[in-house]
Amino acid sequence: MKIVLFGANGNIGQRIGREALNRGFEVTAVVRDAKQWTEQHDNLRVVEGDIMNPASVASISLGHDAVVSTYGPSFGGEDALLEAARSLIEGVRRAGVLRLLVVGGAGSLEVSPGLQLMDTPDFPEEYRPLAIAHAEALRIYSESDLDWTYLSPAATIESGRRTGQFRIGTDKIVLDEADRSYISIQDFAAAMIDEVEDPYFTRARFTVAY
């Protein structure tokens with residue numbers, strides 16, 4: 001398969017790219033500055049592109065089977081997140097690529113019926129604006145005519161081991177026996193590429209955790 005990977009030089013993007021390459025995918029990694037990229041692979045092509053520009057998204061995505069975005073702005077970048085969502089949808093559509101897979105946020109996952117994680121007392125207030133923006137981006141993707149998939153991480157995601165063993169949920173947060181919600185970046189990447197290889201959550205959101 002041929003995939004485009006936006007945000008390829010981020011922590012999650014790098015892991016998703018490596019997972020895809022390890023499975024024999026052809027990966028087009030989109031970065032802002034190709035000179036800062038050092039990794040090499042026979043099936044890897046590194047290009048400079050602008051996720052905020054639908055024409056750039058379209059020209060890069062042409063001829064690929066799927067587009068994967070791990071774009072995530074820093075604090076204060078809520079408007080940029082929504083702009084990126086709209087640009088991705090338009091650019092992917094122009095390129096004639098049907099499948100768009102997006103790394104989203106965990107804040108809109110439900111901890112109980114009608115109660116989202118971002119609305120709980122322990123949710124950090126400084127993360128709330130970005131969590132709200134991620135929820136709005138999910139709505140934008142859901143209203144598109146693409147075969148979109150939105151993958152929400154567990155409440156905690158950090159570098160760890162690739163086990164290939166995790167549980168899958170949809171709109172409700174996945175907790176372990178100690179009521180923790182955790183996933184390694186490596187297993188999160190595996191879940192994303194699983195979905196690229198064998199689509200199940202088409203036009204839907206899902207989440208993974210231990």
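Below, all heavy atoms of this structure are taken into account, side chains as well, without hydrogens, waters or symmetry copies.
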*Asks:* For S184 and I157, which heavy atoms make the closest approach, and how far apart are they?
*Replies:* C-CG1, 4.3 Å
*Asks:* With a 4.5 Å cut-off on side-chain heavy-atom distances among I, L, V, M, F, W and Y, is there a chain of contacts connecting M1 to L44?
*Replies:* yes
*Asks:* Please answer whether the main-chain N or O of G7 pairs with a side-chain N or O of T70 as donor and acceptor at a distance below 3.5 Å.
*Replies:* yes
*Asks:* With rounding to the nearest 0.5 Å, note down the distance linking CG in N43 to CG in L21.
*Replies:* 6.5 Å
*Asks:* Applying side-chain contact (heavy atoms from CB on, under 4.5 Å) to R15 and S159, what does each step give before you reach the verdict?
*Replies:* CA-CA 9 Å; R15 295 295 182 181; S159 185; 3.7 Å; yes
*Asks:* Can any side-chain N or O of D187 pair as donor or acceptor with the backbone N or O of G164 at less than 3.5 Å?
*Replies:* yes
*Asks:* Verify side-chain contact (heavy atoms from CB on, under 4.5 Å) between R205 and L151, making sure each step is shown before the conclusion.
*Replies:* CA-CA 6 Å; R205 184 252 290 273; L151 176 52; over 6 Å; no
*Asks:* More than 12 non-hydrogen atoms from neighbouring residues, nucleotides or ligands closer than 6.0 Å to CG on D147, yes or no?
*Replies:* yes
*Asks:* If you compare all heavy atoms of G77 against all heavy atoms of P73, which two are closest, and at what distance to 0.1 Å?
*Replies:* O-CG, 3.2 Å
*Asks:* Given the rule that I, L, V, M, F, W and Y join up when any side-chain heavy atoms are under 4.5 Å apart, are W37 and V68 in one cluster?
*Replies:* yes
*Asks:* Where does the angle between the aromatic ring planes of Y150 and Y141 fall among parallel (under 30°), tilted (30 to 60°) and perpendicular (over 60°)?
*Replies:* tilted
*Asks:* Crowded around Q165 CD? As in, over 12 foreign heavy atoms under 6.0 Å?
*Replies:* no
*Asks:* Out of curiosity, Y71 OH to L81 CG, how far, rounded to the nearest 0.5 Å?
*Replies:* 6.5 Å
*Asks:* Please indicate whether Y127 has more than 12 foreign heavy atoms, meaning atoms of other residues, nucleotides or ligands, lying under 6.0 Å from its OH.
*Replies:* no
*Asks:* Is there a donor-acceptor contact under 3.5 Å from the side chain of S69 to the main chain of F6?
*Replies:* no
*Asks:* How close do I51 and S87 get, heavy atom to heavy atom, and via which atoms?
*Replies:* O-OG, 2.7 Å
*Asks:* Between the side chains of E26 and R45, is the shortest nitrogen-to-carboxylate-oxygen separation below 4.0 Å, so that they form an ion pair?
*Replies:* no
*Asks:* Which value, rounded to the nearest 0.5 Å, describes the distance between I3 atom CD1 and H64 atom NE2?
*Replies:* 8.5 Å
*Asks:* Would you say S108's side chain and L117's backbone share a donor-acceptor pair under 3.5 angstrom?
*Replies:* no
*Asks:* Run the side-chain contact (heavy atoms from CB on, under 4.5 Å) check on T207 and I168 step by step: do they pass?
*Replies:* CA-CA 6 Å; T207 185; I168 298 174; over 6 Å; no
*Asks:* Please give me the minimum heavy-atom distance between V174 and A209, naming the atom from each residue.
*Replies:* O-CB, 3.6 Å
*Asks:* Apply salt bridge (charged side-chain N to carboxylate O under 4.0 Å, His left out) to E90 and R94, showing your working.
*Replies:* CA-CA 6 Å; E90 179 61 26; R94 287 188 199 177; 3.1 Å; yes
*Asks:* Do the side chains of I173 and E110 get nearer than 4.5 Å, heavy atoms only?
*Replies:* no
*Asks:* Cut-off 3.5 Å, no hydrogens considered: what does the side-chain donor-acceptor table look like for residues 96-104, sequence neighbours left out?
*Replies:*
| residue | atom | partner | partner atom | Å |
| --- | --- | --- | --- | --- |
| R99 | NH1 | V196 | O | 2.8 |
| R99 | NH2 | E195 | O | 3.0 |

*Asks:* Hydrophobic cluster membership, with links at side-chain heavy-atom distances under 4.5 Å among I/L/V/M/F/W/Y: are Y200 and W148 in one?
*Replies:* no
*Asks:* Do V47 and V31 land in one hydrophobic cluster if side-chain heavy atoms of ILVMFWY residues count as linked below 4.5 Å?
*Replies:* no
*Asks:* May I ask you to decide if H134's main-chain N or O and R139's side chain share a donor-acceptor pair within less than 3.5 Å?
*Replies:* no
*Asks:* Is the shortest distance from a Lys or Arg side-chain nitrogen in R128 or D119 to a carboxylate oxygen in the other one below 4.0 Å?
*Replies:* yes
*Asks:* Would you say T149 and M192 make side-chain contact, with heavy atoms under 4.5 Å?
*Replies:* no
*Asks:* Might you work through the side-chain contact (heavy atoms from CB on, under 4.5 Å) test for E136 and L82, ending with a clear yes or no?
*Replies:* CA-CA 7 Å; E136 176 64 13; L82 304 183; 3.7 Å; yes
*Asks:* Taking atom CG of L109 and atom NZ of K172, what is their separation to the nearest 0.5 Å?
*Replies:* 11.5 Å
*Asks:* Between V30 and L5, is there a side-chain heavy-atom distance shorter than 4.5 Å?
*Replies:* no
*Asks:* Do the side chains of R23 and D194 get close enough for a salt bridge, i.e. N-O under 4.0 angstrom?
*Replies:* yes
*Asks:* If you round to the nearest 0.5 Å, how far is CD1 of I185 from CD of E19?
*Replies:* 13.0 Å
*Asks:* What distance do R18 atom CZ and Q186 atom CD have between them, rounded to the nearest 0.5 Å?
*Replies:* 9.0 Å
*Asks:* I'd like to know whether CG of D79 has more than 12 heavy-atom contacts from other residues, nucleotides or ligands below 6.0 angstrom.
*Replies:* no
*Asks:* Only counting residues at least two apart or in another chain, list the ones meeting ring pair (Phe, Tyr, Trp, His ring centres under 6.0 Å) with F166.
*Replies:* none
*Asks:* Mind checking whether Y182 and Y210 have ring centres under 6.0 Å apart?
*Replies:* yes
*Asks:* Could you pull out the closest heavy-atom pair between V4 and S61, with the gap in Å?
*Replies:* CG2-CA, 3.8 Å
*Asks:* Considering only heavy atoms from C-beta outward, does the side chain of I60 approach that of L62 to under 4.5 Å?
*Replies:* no
*Asks:* If you count heavy atoms of other groups shown closer than 6.0 angstrom to CD of Q40, is the number above 12?
*Replies:* no
*Asks:* Any donor and acceptor pair, going by atom type alone, linking the side chain of S181 with main-chain N or O of A155 inside 3.5 Å?
*Replies:* yes
*Asks:* Tell me whether D50 contacts the main-chain N or O of S56 through its side chain, where contact means a donor paired with an acceptor under 3.5 Å.
*Replies:* no
*Asks:* Show the nearest heavy-atom pair for residues G63 and K2, with the distance to one decimal.
*Replies:* O-CD, 3.9 Å
*Asks:* Determine whether a donor-acceptor pair (N or O, by modelled atom type, separation under 3.5 Å) exists between the side chain of Q14 and the backbone of N9.
*Replies:* yes
